[in-house]
There are 2 protein chains.
Amino acid sequence: MKTIYSIENLHTILSGRTHSAFNRALLSNFRKNNILLTREQWTVLGVLWKNDGCTQQTLANQTSTDKPGITRLIDNLEKENLVERHPDTNDKRLKLIYLTPKGKSIEEEVLNVVNQTLKEAVKDIESERLQIVKETFQQIYDNLETKK
Amino acid sequence: MKTIYSIENLHTILSGRTHSAFNRALLSNFRKNNILLTREQWTVLGVLWKNDGCTQQTLANQTSTDKPGITRLIDNLEKENLVERHPDTNDKRLKLIYLTPKGKSIEEEVLNVVNQTLKEAVKDIESERLQIVKETFQQIYDNLETKK
DNA sequence: ATAATAAGGTTGTTTAAACAACTACAAAGA
DNA sequence: TCTTTGTAGTTGTTTAAACAACCTTATTAT
């Protein structure tokens, strides 16, 4: 069983250490700007800012969160008055999630902080290398998910 | 404010989607082999297999887990009879974590499943590109952590 | 038309991440 | 010596990940 790369280094990549660091940095930058959101909550809002009024299932698909996760994220976003659940009148199974005025109003501020944090993260890294990272991560994701 | 790469794609990388997929795949492969461990528990055991009897603080440093996290991981590993806490006689603050015979015995089996899962993950990906991913992730991690 | 199947959401449970607050002990300084 | 400071570990809380079980409503098949 020949090993052409270091398994340990690989595991370090996939273990989520850098992902956690990004999460911490983003949360810290949110707090500095008095934004009381988590990364996951922001991700949900990010979908809604482009596609207001979509279903929870759509949110689940577009954020790679499972259905129970979306239920709880929406619960918390509702408590903060950022979104509202509107039952669909045609299909009573569906709940359409709409941004409140408050939810709409924070878009620019939040995106600024997100972009700023991403810039910090990739400081001094060539875009060609980022492109390779992006493609490789997509391929790893496909390798792991499509075989099921 | 010029954007030379897609912020959205970047966020997808750093959001942890691929990391979660790897976690799921590893857990699934563990279950198929009747190994009742999580990725985090395995990571702790991985340190102990090389450095049995180290302190919880060492485990925290080497696994990028915070101290409360290690406390609970060790709690669970102790319940499964995989490790034991031994208070240090010289420095009464320290607790040295030792593998039990059971904890030692599963090393080969667990590492086989981990390696197998890593191979699935990076199937058909050139090692040069993995190297770039590794280096880039290290740099992102440094960018985010060293500025604090 | 009715039964079976599928889809959308919710609830419950375990494990982990992050952070604050705390206890116990050790080391350093006055 | 005694006080201060630092280190190691624990407990508590909120949020999220994963997964199973469940309820309700739609759709499909017979």
Side-chain angles (χ1 to χ4, degrees), chain A residues 15-31 36-44 54-80 83 85-97 144-145 148, chain B residues 15-31 36-44 54-80 83 85-97 144-145 148:
Chain A
S15 72
R17 187 182 69 141
T18 298
H19 156 61
S20 294
F22 178 71
N23 244 357
R24 281 192 296 270
L26 184 62
L27 206 60
S28 166
N29 287 342
F30 276 158
R31 293 296 172 274
L36 297 180
L37 291 177
T38 63
R39 187 192 57 72
E40 293 79 5
Q41 289 170 356
W42 162 67
T43 303
V44 169
C54 67
T55 65
Q56 295 190 191
Q57 186 60 58
T58 299
L59 291 172
N61 295 339
Q62 300 204 6
T63 62
S64 298
T65 308
D66 68 359
K67 285 191 298 177
I70 289 294
T71 293
R72 279 140 189 163
L73 280 167
I74 300 296
D75 286 347
N76 286 334
L77 289 171
E78 255 190 337
K79 279 180 202 158
E80 297 295 326
V83 306
R85 284 178 168 94
H86 290 263
D88 185 292
T89 45
N90 294 330
D91 187 336
K92 292 179 182 172
R93 292 172 302 179
L94 306 184
K95 298 194 180 168
L96 307 180
I97 309 302
L144 293 171
E145 290 291 302
K148 291 196 300 193
Chain B
S15 72
R17 187 183 69 142
T18 298
H19 156 60
S20 294
F22 177 71
N23 244 357
R24 281 192 296 269
L26 184 61
L27 205 61
S28 166
N29 287 342
F30 277 159
R31 292 296 171 275
L36 296 180
L37 292 176
T38 64
R39 188 192 57 73
E40 293 78 6
Q41 289 171 356
W42 162 68
T43 302
V44 169
C54 65
T55 65
Q56 294 189 192
Q57 186 60 57
T58 299
L59 291 172
N61 295 339
Q62 300 205 6
T63 62
S64 299
T65 308
D66 67 0
K67 285 191 298 178
I70 288 293
T71 292
R72 280 140 188 161
L73 280 167
I74 300 296
D75 286 347
N76 286 333
L77 290 170
E78 255 191 337
K79 279 180 202 158
E80 296 296 326
V83 307
R85 284 179 169 94
H86 289 264
D88 185 293
T89 46
N90 295 329
D91 187 336
K92 291 181 183 172
R93 293 173 302 180
L94 306 184
K95 298 193 181 170
L96 307 180
I97 310 302
L144 294 171
E145 290 291 303
K148 292 196 299 194

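Here is the naming used below: chain letters follow the sequence lines, and residue numbers restart at 1 for every chain. Here the structure is a predicted model, which is why all the values come from computation and not from measurement.
Remark: the backbone N or O of Cys54(B) is not paired with any side-chain donor or acceptor of Thr58(B) at under 3.5 angstrom. Glu78(A) places a side-chain N or O within donor-acceptor distance of the main-chain N or O of Arg85(A), the cut-off being under 3.5 Å.
Counting to the nearest Å, the P atom of dA16(C) and the NZ atom of Lys79(B) are 10 Å from each other. In this entry the distance linking NE2 of His19(A) with P of dA16(D) reads 12 Å, nearest Å. Rounded to whole angstrom, the span from the CD atom of Gln57(A) across to the P atom of dT25(D) amounts to 18 Å. Rounded to whole angstrom, the span from the CD1 atom of Ile97(A) across to the C1' atom of dG8(C) amounts to 11 Å. Going from atom CG of Leu73(A) over to atom P of dG8(C) covers 18 Å, rounded to whole Å. Between Lys67(B) atom NZ and dA20(C) atom P the separation is 13 Å, expressed in whole Å. In this structure, Asn61(B) places its CG atom 12 Å from C1' of dT7(D), rounding to the nearest Å. In this structure, Asp88(B) atom CG and dT7(D) atom P are separated by 17 Å, rounded to whole Å.
The side chain of Lys92(A) sits closest to dT25(D) out of dG9(D), dT15(C), dT25(D). If you check dC19(D), dG9(C), dT15(C) against the side chain of Asp66(A), the one that comes closest is dC19(D). Closest to the Arg93(B) side chain, of the nucleotides dA16(C), dT25(D), dT7(D), is dT7(D). Checking dA18(D), dA17(C), dG9(D) against every side-chain atom of Arg24(B), the shortest atom distance belongs to dA18(D). Distance from the side chain of Thr55(A) is smallest to dG9(C) among dA16(C), dG9(C), dG9(D). The Lys95(A) side chain lies nearest to dG9(C) when the options are dT15(D), dG9(C), dG12(C). Listed nucleotides: dA18(C), dG9(D), dA17(C). Nearest to the side chain of Arg72(B): dA18(C).
Contacts of Asn76(A) with the nucleic acid, taken as non-hydrogen atoms under 4.0 Å apart, involve only primed sugar atoms and P, OP1 or OP2. Across all strands shown, Ile70(B) has no heavy atoms under 4.0 Å from either base or sugar-phosphate atoms. Arg17(A) comes within 4.0 angstrom of no nucleic acid atom, judged by non-hydrogen atoms across all strands. Thr71(A) comes within 4.0 angstrom of a nucleotide base, judged by non-hydrogen atoms across all strands. Across all strands shown, Asp91(A) has heavy atoms under 4.0 Å from sugar-phosphate atoms exclusively, and none from any base. Counting non-hydrogen atoms under 4.0 angstrom, Leu27(A) reaches nothing in the nucleic acid. Within 4.0 Å of Asn90(B), counting heavy atoms only, lie sugar-phosphate atoms of the nucleic acid but no base atom.
Nearest-nucleotide positions on DNA chain D place Gly69(B) closer to the 5' end than the other of Glu40(A) and Gly69(B). Nucleotides of DNA chain C nearest to Leu94(A) and Glu80(B) differ in position, and the one nearer the 5' end is that of Leu94(A).
In this structure, Thr43(B) OG1 and Arg17(A) CZ are separated by 12.0 Å, a value rounded to the nearest 0.5 Å.
A salt bridge does not link Asp66(B) to Arg72(B): none of the charged nitrogens lies less than 4.0 Å from a carboxylate oxygen.
Checking the phosphate oxygens (OP1, OP2) of dT10(D), a side-chain nitrogen or oxygen of Gln56(B) falls inside 4.0 Å. At the phosphate of dA18(C), OP1 or OP2 sits under 4.0 Å from a side-chain N or O atom of Ser20(A). The shortest distance between the side-chain N/O atoms of Thr38(B) and the OP1/OP2 oxygens of dT14(C) is not below 4.0 Å.
Side-chain N/O atoms of Asn76(B) and Glu80(B) include no donor and acceptor closer than 3.5 Å.
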*Give the C-alpha distance, both sets of side-chain angles, the deciding distance and a yes or no for side-chain contact (heavy atoms from CB on, under 4.5 Å) between Ile74(A) and Val83(A).*
CA-CA 7 Å; Ile74(A) 300 296; Val83(A) 306; 4.2 Å; yes
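The minimum heavy-atom distance linking Thr38(B) with Leu27(B) is given by the pair CA-CD1, 3.9 Å.
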